[in-house]
Amino acid sequence: MTDTTLADLGWSEAFARQLTAGEETLKPMRVAEVHRDRLRALGSTGDAMLIPSERAGAYAVGDWVLSDGTSALRRLDPATDLTRKAAGHTVERQRIAANIDTIAVVTSCNADFNLARLERYLALIASAGCLPPVVLTKADLVEDADDYRRQAEKLSPLVTALALNAKDMEDAGRLTAWCGPGRTLALVGSSGVGKTTLRNALTEQTAATAGIREDDAKGRHTTTFRSLVRTRAGGWLIDTPGMRELQLADAQDGIGEVFDDITEIAAQCRFNDCAHDTEPGCAIRAALDAGHIDPDRLKRWQKLMLEDRYNSESLSQTRSRQKAFGKMVKGGQARGRQKRNQGR
């Protein structure tokens, strides 16, 4: 790795512009793994284990940090940032990966193929500002893989779908255009769809893979944590563990891009706050009655918009409470110092 340049790692002028006076002597390094109390980072002189200056959850694989060789002194603002609402009842945002050029949604030509889940992933990726190809694995096991490909590409004009056999090196090589020198590709999707198999084909690694349950095509976790890995094509790959829960927050723009056909019609409604139910002048209801909108797709759009609005408001309220608590703590500390000074 000693012959790797910053440009090879994805460094660009956008990151260089973030450097301030006095930071010229620090080393830019890219986070390859996030551990509880350490970061494994890659740089032009090799890799290093760094002490983070923020809590572990503040970092994501793919971040750029400035280091003195021992600590990650400052984290630079990411060019792209893949996030979701944290799983469960926790009201906070979880960072998944950063500074990615392309995020491929990996699903398979079997019972795992799910239009609603694909739309959810696509909205998340659009919100992150990345390209969103859909990779359909196990194409060799079905009679008409093109049918799956057509269904995926109908979801959004943003989508390019590929049907392939992940175990075939030549077939998997069709992804190399997205992970060439200086470029980063991330793989997201359910467990058992072939992400690890694709990772092995695109990199020099030989990570273990696991099969699927025959009754429901559900997979088993083989990737247990995210990591930045060099590809055979000279770029970088981030493989992510299968995500059983994928809640959206602050993703209204991404939802709008994926459902642009519906959002364009909704903009023609008489009222800006139209609920698309019984309001007069509702363009959505008119298009639905005329057969111009798929009713199932409309329901999925409404569900995502409602979920995003609820989670976004919850996160905003949590941030406000945290900010108020921080001010209260700082105020208490200041008053304590003042009393101590008066006592002298």
Side-chain angles (χ1 to χ4, degrees), residues 1-2 4-12 14-88 90-101 103 124 128-130 182 184-188 205 223-230 235-241 243 249-250 315 318-319 321-323 325-327 329-330 333:
M1 189 75 68
T2 55
T4 300
T5 67
L6 291 181
D8 291 335
L9 284 163
W11 181 262
S12 68
F15 300 116
R17 285 196 295 268
Q18 295 185 46
L19 301 184
T20 59
E23 293 182 330
E24 298 85 353
T25 58
L26 299 178
K27 301 176 182 178
M29 302 192 77
R30 197 168 183 202
V31 176
E33 294 174 4
V34 178
H35 300 281
R36 184 172 298 177
D37 59 354
R38 289 292 187 276
L39 305 173
R40 188 172 77 85
L42 309 177
S44 58
T45 57
D47 64 342
M49 297 299 292
L50 303 178
I51 301 171
S53 57
E54 303 177 71
R55 62 183 181 86
Y59 298 90
V61 170
D63 268 333
W64 280 97
V65 297
L66 299 180
S67 167
D68 59 1
T70 301
S71 301
L73 300 178
R74 186 162 77 87
R75 175 172 52 87
L76 301 182
D77 294 335
T80 60
D81 201 14
L82 181 64
T83 67
R84 66 168 176 175
K85 177 190 170 294
T90 304
V91 185
E92 63 180 32
R93 183 183 304 283
Q94 179 188 12
R95 299 188 68 214
I96 300 171
N99 299 312
I100 319 150
D101 299 290
I103 304 174
L124 189 78
C130 303
T184 302
L185 167 68
L187 303 178
V188 297
Q205 294 199 336
T223 299
T224 56
F225 65 95
R226 302 172 192 91
S227 59
L228 185 71
V229 183
R230 186 152 202 171
W236 301 91
L237 179 74
I238 300 175
D239 185 12
T240 66
M243 291 182 280
D250 295 332
L315 286 170
T318 299
R319 286 192 290 262
R321 287 195 294 268
Q322 291 173 339
K323 187 175 182 180
F325 179 74
K327 287 183 176 179
V329 170
K330 288 182 179 179
Q333 292 173 339

### Query
When rounded to the nearest 0.5 angstrom, what is the spacing between CG in Leu82 and CD in Gln94?
9.5 Å

### Note, Asp63 side chain near Leu39 side chain (heavy atom, < 4.5 Å)
no

### Query
Roughly how far, to the nearest 0.5 Å, is CZ of Arg38 from OG of Ser71?
8.5 Å

### Query
How many angstroms lie between CG in Leu237 and OG1 in Thr184, if you round to the nearest 0.5 Å?
9.0 Å

### Query
Going from CH2 on Trp236 to CG on Asn99, what distance comes out if it is rounded to the nearest 0.5 angstrom?
13.5 Å

### Task
State, with a plain yes or no, whether a side-chain heavy atom of Leu228 is found less than 4.5 Å away from one of Leu42.
yes

## Note on the structure
Rounded to the nearest 0.5 angstrom, the CD1-CD1 distance for Ile238 and Ile96 is 11.0 Å

### Task
Can you label the angle between the Phe15 ring and the Trp64 ring as parallel, tilted or perpendicular, going by 30° and 60°?
tilted

### Task
Taking Ser44 for its side chain and Thr4 for its backbone only, find out whether a donor-acceptor pair lies under 3.5 Å.
no

### Query
Can you list the residues that meet the side-chain hydrogen bond (donor to acceptor under 3.5 Å, both in side chains) rule with Thr83, with sequence neighbours excluded?
Arg93

#### Entry: Pairs meeting criterion salt bridge (charged side-chain N to carboxylate O under 4.0 Å, His left out) with involvement of residues 14-31, two or more places apart
Glu23-Arg74

### Task
Heavy atoms only: give me the nearest Cys130-Ile100 pair and the separation to one decimal.
SG-O, 3.3 Å

### Task
Write down the atom of Leu66, the atom of Pro28, and the distance for their closest heavy-atom approach.
CD2-CA, 4.1 Å

### Message
Run the side-chain hydrogen bond (donor to acceptor under 3.5 Å, both in side chains) test against Asp8 and tell me which residues pass, sequence neighbours left out.
### Response
Thr5

### Message
Under the rule for salt bridge (charged side-chain N to carboxylate O under 4.0 Å, His left out), what residues qualify as partners of Arg40, not counting sequence neighbours?
### Response
Glu33, Asp47

### Summary
Shortest non-hydrogen pair, Ala56 vs His35, comes out as CB-O, 3.7 Å

### Message
Would you say that Leu19 contacts Leu26 through its side chain, given a criterion of any heavy-atom pair below 4.5 Å between the two side chains?
### Response
no

### Query
Out of curiosity, Ser12 OG to Leu6 CG, how far, rounded to the nearest 0.5 Å?
10.5 Å

### Results of side chain to side chain contact (heavy atoms under 4.5 Å, CB included) for Thr70 - residues two or more places apart only
Ile51, Asp68

### Task
Sequence neighbours left out, what passes salt bridge (charged side-chain N to carboxylate O under 4.0 Å, His left out) with Asp81? Give chain and number order.
Arg95

### Message
I'd like to check the side chain to side chain contact (heavy atoms under 4.5 Å, CB included) partners of Ser53; sequence neighbours left out, ordered by chain and number.
### Response
Tyr59

